[in-house]
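What follows is a single structure, written as structure tokens, with notes after it.
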Amino acid sequence: MKKRIISSLLVLLVIVSLIIPSNIQAAVKISKTSTTLYTGEKVQIKVTGTNKKVTWKSSKNSIATVDSKGYVTAKKNGTATITANVSSKKYICKVTVKSSTRTLKISTESYDSDVILQAILEDVDIDNITTSGKYTLVKCKAKSLDKQITKMKDDLDITIDDLVSNGSISKIKYNKDCTKLYIYQTTNDLSEEDSMNMLGLYLSFPYIQILNGVDYEKADVYITNYDKNGKVTFSGYLKDSLNS
């Protein structure tokens, strides 16, 4: 009986080996389907899983160029599509190009200008600082600014998780540009700790906008509060509420 089972298994293995090709190749893939570069930066995009010739093309050479080896060079702000042609198939990577520098315009007359400048000087690569009238102009490396923004958003998410875990707030959402904030409360009575965390949360949004290059006077966040029944209990801009 055992010999018959073993013989059957051997026959099955032979059949399977004949059906399945032994030279299965990996799927052809492009190494990046999207990427963000700063002007002057260069990155190589590769196509794997094929030995066939790959030809490259950029939809906008004024924004990003690509050479015969897939090296993409960022030229100026904008978006371009890099296409890799392999036989009759196309593989695409969307390239977003940002300026390598960003100038922050901070009012020297604002009460928290020193706080903003201190944060920038500590964590961001500075090219130069000049004063023009009532403004301090800080020219920074955009890449370091974006890293700082990512860090601040990570801190925001931690604060939001803490507020939600305390139970008085069920959900907090904000948009990509950090110009709108939505708060869903389960109670109208916040603890002193939650109130302080909420204030820090509110103030973080204008700071993030400033790091993105928004002028101090225009940096603001529109806040909408909902009660446990979904009714709007407050809606308005942060600066208006602080000044009222």
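- Shown are Asn77, Thr79, Thr35, Leu37; of these, the side chain to side chain contact (heavy atoms under 4.5 Å, CB included) with Thr96 is made only by Thr79.
- In this structure, Asp157 and Tyr174 have side chains that are in contact, with non-hydrogen atoms separated by less than 4.5 Å.
- Asp146 pairs with exactly one of Lys98, Lys151, Lys141 by the salt bridge (Lys or Arg N to Asp or Glu O under 4.0 Å) rule, that one being Lys98.
- Counted by atom type alone, Asn175 and Tyr182 present zero donor-acceptor pairs between their side chains at under 3.5 Å.
- Residues Asn197 and Leu201 have side chains not in contact (no heavy-atom distance under 4.5 Å, counting atoms from C-beta outward).
- Between Ile92 and Ile30 there is no side-chain heavy-atom pair separated by less than 4.5 Å.
- Counting only N and O atoms by type, the side chains of Ser100 and Thr39 include a donor and acceptor under 3.5 Å apart.
- Counting heavy atoms from C-beta outward, Ile208 and Lys153 have side chains that approach closer than 4.5 Å.
- For the pair Lys171 and Tyr184, the cation-pi criterion (under 6.0 Å, within 45° of the ring axis) is fulfilled.
- Ring geometry, Tyr237 versus Tyr222: the interplanar angle exceeds 60°, so the pair is classed perpendicular (tilted spans 30 to 60°).
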For Val138 and Thr103: C-alpha separation, side-chain torsions, deciding distance, then whether side-chain contact (heavy atoms from CB on, under 4.5 Å) applies. CA-CA 5 Å; Val138 187; Thr103 299; over 6 Å; no
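- Of all non-hydrogen atoms in Leu104 and Ile210, the two that sit nearest each other are CD2-O, 3.1 Å.
- Two residues are said to be in side-chain contact when any heavy atoms from C-beta on lie closer than 4.5 Å; Leu137 and Thr131 fail this criterion.
- Residues Ile172 and Met198 form a side-chain contact, since some pair of their non-hydrogen atoms from C-beta on lies under 4.5 Å apart.
- Looking at heavy atoms from C-beta onward, Cys178 lies out of side-chain contact with Val221 at the 4.5 angstrom threshold.
- The nearest pair of heavy atoms linking Val214 to Ala219 is CG1-N, 3.8 Å.
- The heavy-atom pair separating Leu238 from Tyr202 by the smallest distance is CD2-O, 3.5 Å.
- Among Asp194, Thr186, Thr187, the single residue meeting the side-chain hydrogen bond (donor to acceptor under 3.5 Å, both in side chains) criterion with Ser168 is Asp194.
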Would you be so kind as to tabulate the donor-acceptor pairs closer than 3.5 Å made by side chains of residues 52-72, with sequence neighbours excluded?
residue : atom : partner : partner atom : Å
Ser58   : OG   : Lys60   : N            : 3.2
Ser58   : OG   : Lys60   : O            : 3.3
Ser58   : OG   : Ala64   : O            : 2.5
Ser59   : OG   : Thr81   : N            : 2.8
Asp67   : OD1  : Lys69   : N            : 2.9
Asp67   : OD1  : Gly70   : N            : 3.1
Asp67   : OD1  : Tyr71   : N            : 2.9
Tyr71   : OH   : Gln44   : OE1          : 3.4

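- Both the sub-6.0 Å distance and the 45° axial angle are satisfied by Lys239 relative to the ring of Tyr216.
- Residues Ser241 and Phe234 approach most closely at CB-CZ, 4.1 Å, considering heavy atoms.
- Looking at Gln209 and Asp177, their side chains never bring a donor and an acceptor atom within 3.5 Å of each other.
- There is no side-chain donor-acceptor pair under 3.5 Å between Asp227 and Thr233.
- Residues Leu163 and Leu190 fail the side-chain proximity criterion, which asks for heavy atoms closer than 4.5 Å.
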